[in-house]
Structure formats: structure tokens, C-alpha cells
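Chain letters run A, B, ... following the sequence lines, proteins first, then strands; residues in each count from 1. Values below: every heavy atom of this structure, side chains too, minus hydrogens, waters and symmetry copies. As the structure is a computational prediction, the values presented were derived from the model and not from experiment.
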Amino acid sequence: MENPIIELKGLTKCYSSVKAVDDLSLEIDRGEIFGLLGPNGAGKTTTILMMLGLAEPDAGSARVCGVNATGNPVAVKRKVGYMPDSVGFYDDMTGLENLMYIGRLNGISEHEIASQARKTMEIVGLDGEMHKKTSAYSRGMKQRLGLADVLIREPEVIILDEPTLGIDPSGIKAFLSLIRRLSRQQGLTVLLSSHQLHQVQQVCDRVGIFVDGRLLVEGNMETLSRNLFGEESCVVQIMLRDALPGFAAHAEALQKLEGIRNVTLQENSIEVSCSEDVTPDIVRFLVQKGLNITGVHKKEFGLDEIYHRYFENNQKKHISNGKSTGLFQRSFFKRNNT
Amino acid sequence: MESPLVYFKGLFSKGITHNSLQQQSESPFRVMVRKETGDHIRSWRFIVMLTLIALIFLGSIYVSLSNISKAVANIKDPDRIFVYLKLLTTSDGTLPTFHIFISFLGPLLGIALGFDAVNAEQNNGTLTRLMAQPVYRDNLLLAKFCGALIVVSILFLCLALLMTGVGMIITGVLPEPVELLRILWFVALSILYVGFWLSLSILLSVRFRNAATAALTGIGIWLFFTVFYRIIVNLVVNAMLPGPDYLRPEDLLSYNNLLLSLLRLAPSQLYTDAATTLLMPSVRSLGPLTMEQMAGAIPSPLPLKESLMIVWPQVTGLLAATMVCFALTYYLFMRREIRT
């Protein structure tokens, strides 16, 4: 990362005794889409507020586009478009008027503001609803208007706080593909925070998992899943038509195949975990044994699994009164360090 | 959403032309003031207040017009030559005069225009959005204050000019320049007075997240100063000091002065004092005068400059109170974390 556009160093923020953000260091490159993931109350919004100079860090620094956000927030805000999680509009104004107001505040001159606002509305797909009062807007429309708000000022960096909250699935898809397209076409850096993993997985180049004010892990999807599921990098699930009686023998024989670690049987499906992808060998083996295979499914580790893996662990830790029994977590960090 | 984005880049690209245009565009502060002013004018709240003030104005003008002939013919009154000032200050006792009305209801106007200035934005989620734009935080506060103050100024100026116009049509007398100046000073004073309550209510709107709490606190302070403050001051002074009947004449003066100074802590008292002096040129002092001071004085109207000298402490007091409220608002708002 030779030229990070967002640079957080040792960022810390406390609310009375609770540490909302704890010694966070993070670098985000120009043109990248970064997903900040974490449960509610993990400190995502606080981090974003500190990047914009809307909250003051207790320690550490946040530099955005080379400017210190705490010391010079206005310069940062000129370059960064921010969409808050519950974006509000002036209800007695139409969508277009709301957008034009923001445009004016950003110094767009009077004779081009109307056309520019109209075009931005078209981009986000609100050209049909532009003259409606925002009080009549649906949640998804408000979210799009929020994006228009961000886009009209030609930012270098876009920060979206829970952008997909409360939009229907097709809306989410369109919204995220729009963000991705904009980022790719104009080289925009996008930082989006979310606790909805599937969507983030679709668009992000890199993600960071953020829990209790600390960034546990960052990297792209492949590195993350390799880090987490190193010993069982591939799991194949095979469905059979009918439950088989003498399985134990088959399992033993299967175990002898190269690269297979573990075989488990549930009703009429077999789950095989292996260190490398040997799916064809397994299938051939089973077919030779005369078993009726109805389906073969290779499990991929998505963000969901990564996330749940971590949280299972985290909850265990909480249940055992904060005692650090998180075996997984410890081994995880060990792996991260090496 | 599926529309092509080909023109997007060219449209929003920052060229030289764009930079030169940026200089012509308005500053964010002016944009905000414009929006605030527009919002106030379109709001129901302002229409209600406007109706109320217009009714007061019509009522007091009606009463004073029906008594103007008596007032102007009163030989003993040194102010009788100022027909227009008489219009504003004459009453037959059925209705208070215009400036007394304003001293009661001006605060309500100020509180109504400011009590939800910041907290409503915060509750609607627009404050975060606004603060994410490249604007300074203090610009928002200042815009809220200026926007409302512009509306109030135009309102009062219109009323004063209307009054002069109606007076001209009915009496057929041309106003003296001094009279006009005095009326304009009175308008400025009224704006300052409402400005104080406006800045107080903006302070409350920053302090309290709930708009209703802010409004009620504002109205509470207003009621305290209009109803209870005088009673409390009298009670305390009576309890702490011997009554005026037991005092020597030379002590009586300082007693009265003390009482007046305490009463002048109330903004409405400052306003009434200053307005009375400006509208009645024969008022020479706002405190008690001794016989020595009065000796040789001819009961005649003072020139405008002298009247202004008398009310200057009052004006300064009101200005200072406004500033204190504003400074507190800044202190509370500038470093606060903004989230919904």
C-alpha cells in the first residue's frame, strides 16, 4: 500500500468507561471498495464519524486524502461524501430541492445546479420521483437520494454507513452494483459499513471484521478464508438416494484416498473434508462401489462462515465470563502473525 | 439505476471553468440563511405569529387613532407635537400600547422561531447530513439566528412603515425626520429584544434533544421574567431592607436605585425602559431624580441623541445578554459529537 487514501493510526475513542474504538489502525487504497463488517455497536459508526471529524478521537489520528480529519474537517468533507445510516431529508421540500440545497452548500454555481441535480437523480434512478416531497419517499428511495447527495459533489472517497439497511433484495442488488460501477468507472474509493454479509461479499475488494472496537482481521475474501479454515480448506458434501447400511467399511476405504482428512455420515449424505480438492476421486470411488449419488456440493467459505466462526467463538468467550478461552481465537491470531 | 454513466465523468469533471465558476457561487453560509428564511416564511408557526402580531398592531393602532386628537391637543404634554410617536404610545387604558405588547409577546415570537432550530434537525437526521457537507459548524448556528432575525426585522419594519402610512392617510400630517428616526430606532430595539429571546431559544434547542422540552423551558423563562420576577424582587428587597416609609430621604434614592437595578436584570424591563425613552422624547431619566437635578429643567422634548444616550446602557445590556446566550450555544455545539 504505497498510497493509502484513508489512513487510521491507533485510533481510540472512549465513551465514559466503554472503549468504542480501541487502537484501530487501517489503511485503504485509492480506488478500492472496503467493507467494514461488524455487529451492531461494534464501533463502525464511531470510526466513520472520526474519519469525518464529526467526533474527536481520544488518541491516534485519522488522515483522509492526506488531511488530518480532526484538525481540518472541512477540507476532508470537501473530498469525502458521507451517507449516514439513517439519512434524513427536509420533508417539506421535494427530492430535487433537497439535492439542490446540498449542491449549493458544496459551491456548485447557480446556473448549473439544476441540470446537475437532475442528472444525478437520473443516475440513481429517481428521475420519476424528483418532484415528490421526500416525506412521500420510501426507504429505498431515500437511500438512493442519499447516494445522489453524495454523488452530486464529485467526491474522491465515498463513505456509506449501512447503505443497504431497509431496502428490498432487488433494490440492494441494484444499489450495490451501482456503487461498484461508479467506483470502477471513476476510480472512487468506497468504504461501506454493514452487518449484512452477503451483499458486502458481492462488492468488496477487501473487508475488515470489526468487533468490540477492534479490527480482528482484514484482507480479501480468499486470504480470510484460508486463514480461518486452513486445515479444512475444502469440504465436499455428497447426497445419496438412500441411506446405506455398511457405511463404516466404505468410510474406511474412503479415508485411505490421498488428501482426505475426515469423513462423516449423516442420514443419506456424506461429508468429506480434505486438504486439497479431490472431489473427482471421491465421486469415482463411490460410483465404483455402486452407490446412487444424487448430488455433489462443494462448500465454499463465504463471509457468512467466516463471520459465524468468529462469533461462535466470541460468544463462548462472553459466556465464560470474559475468560479468554477462545481457543480458536488464539490459534487464529497465531496464524495471523506468522 | 441502469442508465448509462458515460456522461457522468465529463459532467462533473473539475476543469478550469469549474474553478472559476466556483468563485461566483454563493458561500454556504448565505445558502443556509436563504433556506432558513424561506422555511420560516412558509411555516405555519410563523403565519400564526404573524397573525398575532398583526392583531396586536391593529388593536393598538385603532385605540391610539381614536384617542389621538385628545392626546395631541393636550397642552401639558411636551410630546404633543410628535403625532406619529403619539400614535405608538397613546392608549385609553383598554388596551396596552404597542411597545408594551411587544415586551410581552416579542419573547414568544423569538422562542417560536428558535426552539427547534438544532434539535429538530438532529431528530430528523438532517443534521448529520448537513454536517457532512463542507460547512463550518458555527455557520449553521449563525444561519439559524440570522434567518429568523431577518424575518423578524422585515416584520417589524413593515409594521412601523405601515403605521406611518396609515397615520399619514388619517391625520394628513407629514412625519418629522426626527420622528421617523426615533421610530426606526424603536424598530431596531425591538429586533434586538426578539433577537435575545431567539438566541436563548437556540441555546435551549442545542441543550435539549427534545423540541417540546426546549419550547417549554423557553416559555418557562419568559413567564418567570414577565410574571414572577417583579414579585420575587419586591419580596426579597422587602425582607432584606427596611421599607421606604422608614428611610431618610437621602437613603430613599439609593433604595429606589437598588430596586431598579435588580428589576433591570429582566430583559423585558430593559426593553420597556428603552422603548419608552425612545418613543417619549420628554423622558429625561429612567431612574429617580432629586429635586436638585430637576431644578431649572424645562419640560421639553429631548433631542434624539440625548434620548439615545439615556437608553445606551439598556441597549448594551440586551446586546450583552444576546452575546452570552450565543457564546454558550457555541460552547455546547462546537465540540459535540453529531449522530442520530
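- Surrounding CE of B:Met334 are more than 12 heavy atoms belonging to other residues, nucleotides or ligands, all under 6.0 Å away.
- Judged by distance alone, the side chain of B:Arg129 and the main-chain N or O of A:Phe89 form no donor-acceptor pair under 3.5 Å.
- More than 12 non-hydrogen atoms from other residues, nucleotides or ligands lie less than 6.0 angstrom from OH of A:Tyr15.
- Surrounding CZ of B:Arg34 are more than 12 heavy atoms belonging to other residues, nucleotides or ligands, all under 6.0 Å away.
- Atom NZ of B:Lys35 has more than 12 heavy atoms from other residues, nucleotides or ligands within 6.0 Å.
- Your options are A:Ile102, A:Asp91, A:Val150, and the one with the most heavy-atom pairs under 4.5 Å with chain B is A:Ile102.
- When heavy atoms are compared at a cutoff of 4.5 Å, A:Asp149 approaches chain B solely by way of its side chain, counted from C-beta outward.
- Between the OH atom in A:Tyr101 and the CD atom in B:Gln133 there is a gap of 9.0 Å [rounded to 0.5 Å].
- Of the listed residues (A:Asp92, A:Thr46, A:Val87), the one with the most heavy-atom contacts under 4.5 Å to chain B is A:Thr46.
- Of the atoms belonging to B:Asn139, not a single heavy atom falls under 4.5 Å from chain A.
- For A:Leu49, the part lying under 4.5 angstrom from a heavy atom of chain B is the side chain only.
- With values rounded to the nearest 0.5 angstrom, B:Asn124 atom CG is found 9.5 Å from A:Thr134 atom OG1.
- The candidate with the highest count of non-hydrogen atom pairs below 4.5 Å against chain A, out of B:Ala120, B:Ala132, B:Ser43, B:Pro28, is B:Ala132.
- Proximity to chain B (any heavy atom under 4.5 Å) is shown, for A:Lys142, by neither the backbone nor the side chain.
- Put simply, CE on A:Met93 and CZ on B:Arg42 are 7.5 Å apart, with the number rounded to the nearest 0.5 Å.
- For B:Arg30, no part lies near chain A; criterion is any non-hydrogen pair under 4.5 Å.
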